[in-house]
Amino acid sequence: MSMRVHDFFLRQIPISFVLLFIGCYSSKKDTPIILALLNQPTSSYHITIVGDSLSQLSDGFGLKYKLPTSYSIRDMSVAGYGTEDWLVQSPELEALSTDIWLIELGVNDANLYGTTNFLTRYKELLSRLEKNSISLFILTAVPLTDYVDLRPSIKTNNQSIRDLVQTKPNYKLADIEKVFSTYSGLPPLYSLNDPVHPNQLGLEIMGNEYQRILLGF
């Protein structure tokens, strides 16, 4: 049964009560129990994007235009940032109140460090963001780029993200790598002079996938 993103959010149940249940029912098979607890109505949803140039260059993937006005978008993305940079800046993020964290990181990590300690840094960032609030996380398996040297590391790191999504019921996957890999049309998703950043069409496809997930299509 399909369930919309806002169905995850707590509005009436005491936080300590829900934390207890999340601790007790963390396996995938128990997800419906947690969702039932969090199935409370709300009038607005705050989305915070933590990303890099892909989000920054696309104005948050155009989500402010793709989602109903009940969704407010805060894009914290910074070109060139990876998990290490956001760990340094994590106190700024931890101070934010948000319902949905959209994490779009991985290309700069692969460029700087390959696969070394990527999952450790990624999990630490999520842990810090989870400390002060109960939120839904959309974790992105980022596009592989058209830069051949980067693709193997990104592919490995993306699989780590897919595996991580299976560990908690409040994690959802945006598999942009898969979406791009199934695209067979023209024009291409990268320009000849920039094999790292998707072109306008590629960014639009990313935004559409995030929209699909957020609206529960």
Side-chain angles (χ1 to χ4, degrees), residues 28 48-58 60-63 75-90 93 101-130 137-168 170-214:
K28 187 175 181 181
T48 302
I49 305 173
V50 179
D52 49 34
S53 55
L54 274 63
S55 178
Q56 189 179 53
L57 293 173
S58 62
F61 305 106
L63 289 177
D75 188 7
M76 302 295 291
S77 302
V78 179
Y81 267 34
T83 53
E84 185 174 59
D85 304 285
W86 280 118
L87 283 172
V88 173
Q89 298 297 326
S90 65
L93 299 177
W101 293 99
L102 195 164
I103 311 297
E104 177 270 305
L105 295 170
V107 174
N108 292 316
D109 286 87
N111 184 44
L112 291 172
Y113 304 113
T115 62
T116 303
N117 294 327
F118 171 76
L119 185 58
T120 299
R121 295 190 304 272
Y122 199 96
K123 290 172 66 175
E124 176 60 24
L125 178 60
L126 298 184
S127 176
R128 294 184 188 185
L129 298 182
E130 289 178 293
F137 286 76
I138 297 176
L139 309 184
T140 306
V142 297
L144 296 180
T145 79
D146 260 2
Y147 189 56
V148 175
D149 290 347
L150 279 180
R151 291 170 68 90
S153 292
I154 295 175
K155 195 172 188 67
T156 297
N157 291 341
N158 279 347
Q159 188 55 51
S160 296
I161 291 172
R162 293 188 188 96
D163 294 340
L164 182 61
V165 166
Q166 302 301 313
T167 65
K168 291 190 176 183
N170 60 321
Y171 290 173
K172 294 181 71 69
L173 177 67
D175 200 334
I176 305 298
E177 177 192 337
K178 181 178 179 180
V179 172
F180 273 35
S181 70
T182 58
Y183 174 82
S184 57
L186 291 173
L189 301 181
Y190 292 88
S191 63
L192 292 176
N193 61 351
D194 186 353
V196 175
H197 301 92
N199 58 25
Q200 189 59 45
L201 174 60
L203 294 172
E204 180 72 12
I205 289 174
M206 292 183 71
N208 290 343
E209 179 64 5
Y210 288 129
Q211 177 197 48
R212 183 190 70 81
I213 293 168
L214 287 163

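The structure presented is a predicted model; accordingly, all values stated were derived computationally and were not measured. Residues: numbered from 1 along the sequence shown. The figures that follow rest on heavy atoms only: side chains count, while hydrogens, waters and symmetry mates do not.
Using a 4.5 Å cut-off on side-chain heavy atoms (C-beta onward), Phe137 and Leu129 make contact. Side chains of Glu124 and Arg128 form a contact here, defined as non-hydrogen atoms less than 4.5 Å apart. For the pair Asn111 and Val196, the minimum side-chain heavy-atom distance is 4.5 Å or more. Residues Val165 and Lys172 fail the side-chain proximity criterion, which asks for heavy atoms closer than 4.5 Å. With a 4.5 Å cut-off on side-chain heavy atoms, Trp101 and Leu125 do not count as touching.
For Ser58, the side chain to side chain contact (heavy atoms under 4.5 Å, CB included) test picks out Phe61, Leu203, with sequence neighbours left out. Ser77 is linked by a side chain to side chain donor-acceptor pair (under 3.5 Å) to Ser55, Asp75, counting only residues two or more places apart in sequence or in another chain. Taking Glu204 as the reference, Lys66, Asn208 meet the side chain to side chain contact (heavy atoms under 4.5 Å, CB included) condition, with sequence neighbours excluded. Residues meeting the side chain to side chain contact (heavy atoms under 4.5 Å, CB included) test with Leu112, sequence neighbours left out: none. With sequence neighbours excluded, the residues forming a side chain to side chain contact (heavy atoms under 4.5 Å, CB included) with Thr156 are Thr115, listed by chain and number.
Ion pairing of Arg212 with Glu209 is present here, as a side-chain N (NZ or NE/NH1/NH2) and a carboxylate O approach within less than 4.0 Å.
Between the Asp194 side chain and the Asn199 main chain, no donor and acceptor come within less than 3.5 Å of each other.
When all heavy atoms of Gly80 and Asn108 are compared, the pair lying nearest together is C-ND2, 3.3 Å. For Pro143 against Tyr190, the heavy-atom pair with the smallest separation is CB-OH, 3.4 Å. Closest approach of Tyr210 to Ala174, counting heavy atoms only: CE2-CB, 3.6 Å.
Rounded to the nearest 0.5 angstrom, Asp109 CG and Leu119 CG are separated by 11.0 Å. If you take CD on Glu130 and CG on Asn170, they are separated by 5.5 Å, rounding to the nearest 0.5 Å. Residue Leu87 holds its CG atom at 8.0 Å from CZ of Arg121, rounded to the nearest 0.5 Å. Here OH of Tyr171 is found 9.5 Å from CD1 of Ile103. Values are rounded to the nearest 0.5 Å. Leu189 contributes atom CG, which lies 11.0 Å from atom CD1 of Ile176 (distance to the nearest 0.5 angstrom). Interatomic distance, Gln166 CD to Leu173 CG, rounded to the nearest 0.5 Å: 8.0 Å.
Side-chain polar atoms of Gln56 and Asp52 form no donor-acceptor pair below 3.5 angstrom. Under the 3.5 Å distance criterion, with hydrogens and angles disregarded, a donor-acceptor pair is assigned to the side chains of Glu84 and Tyr113.
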(message) Test side-chain contact (heavy atoms from CB on, under 4.5 Å) on Ile161 and Val142; report intermediate values, then the result.
(response) CA-CA 10 Å; Ile161 291 172; Val142 297; 6.0 Å; no
(message) side-chain contact (heavy atoms from CB on, under 4.5 Å) for Thr83 and Asn117? Distances and angles first, verdict last.
(response) CA-CA 10 Å; Thr83 53; Asn117 294 327; over 6 Å; no
(request) Starting from the C-alpha separation in whole Å, work towards a yes-or-no answer on side-chain contact (heavy atoms from CB on, under 4.5 Å) for Val78 and Asp85. (result) CA-CA 9 Å; Val78 179; Asp85 304 285; over 6 Å; no
Below 3.5 Å, can you tabulate the donor-acceptor pairs from side chains in residues 146-155 to any protein atom, sequence neighbours excluded?
residue: Arg151; atom: NH1; partner: Thr145; partner atom: O; Å: 2.5
residue: Lys155; atom: NZ; partner: Glu177; partner atom: OE2; Å: 2.8

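For the side chain to side chain contact (heavy atoms under 4.5 Å, CB included) with Leu102, the qualifying choice from Leu139, Thr140, Thr48, Ile213 is Thr140, the only one to do so.
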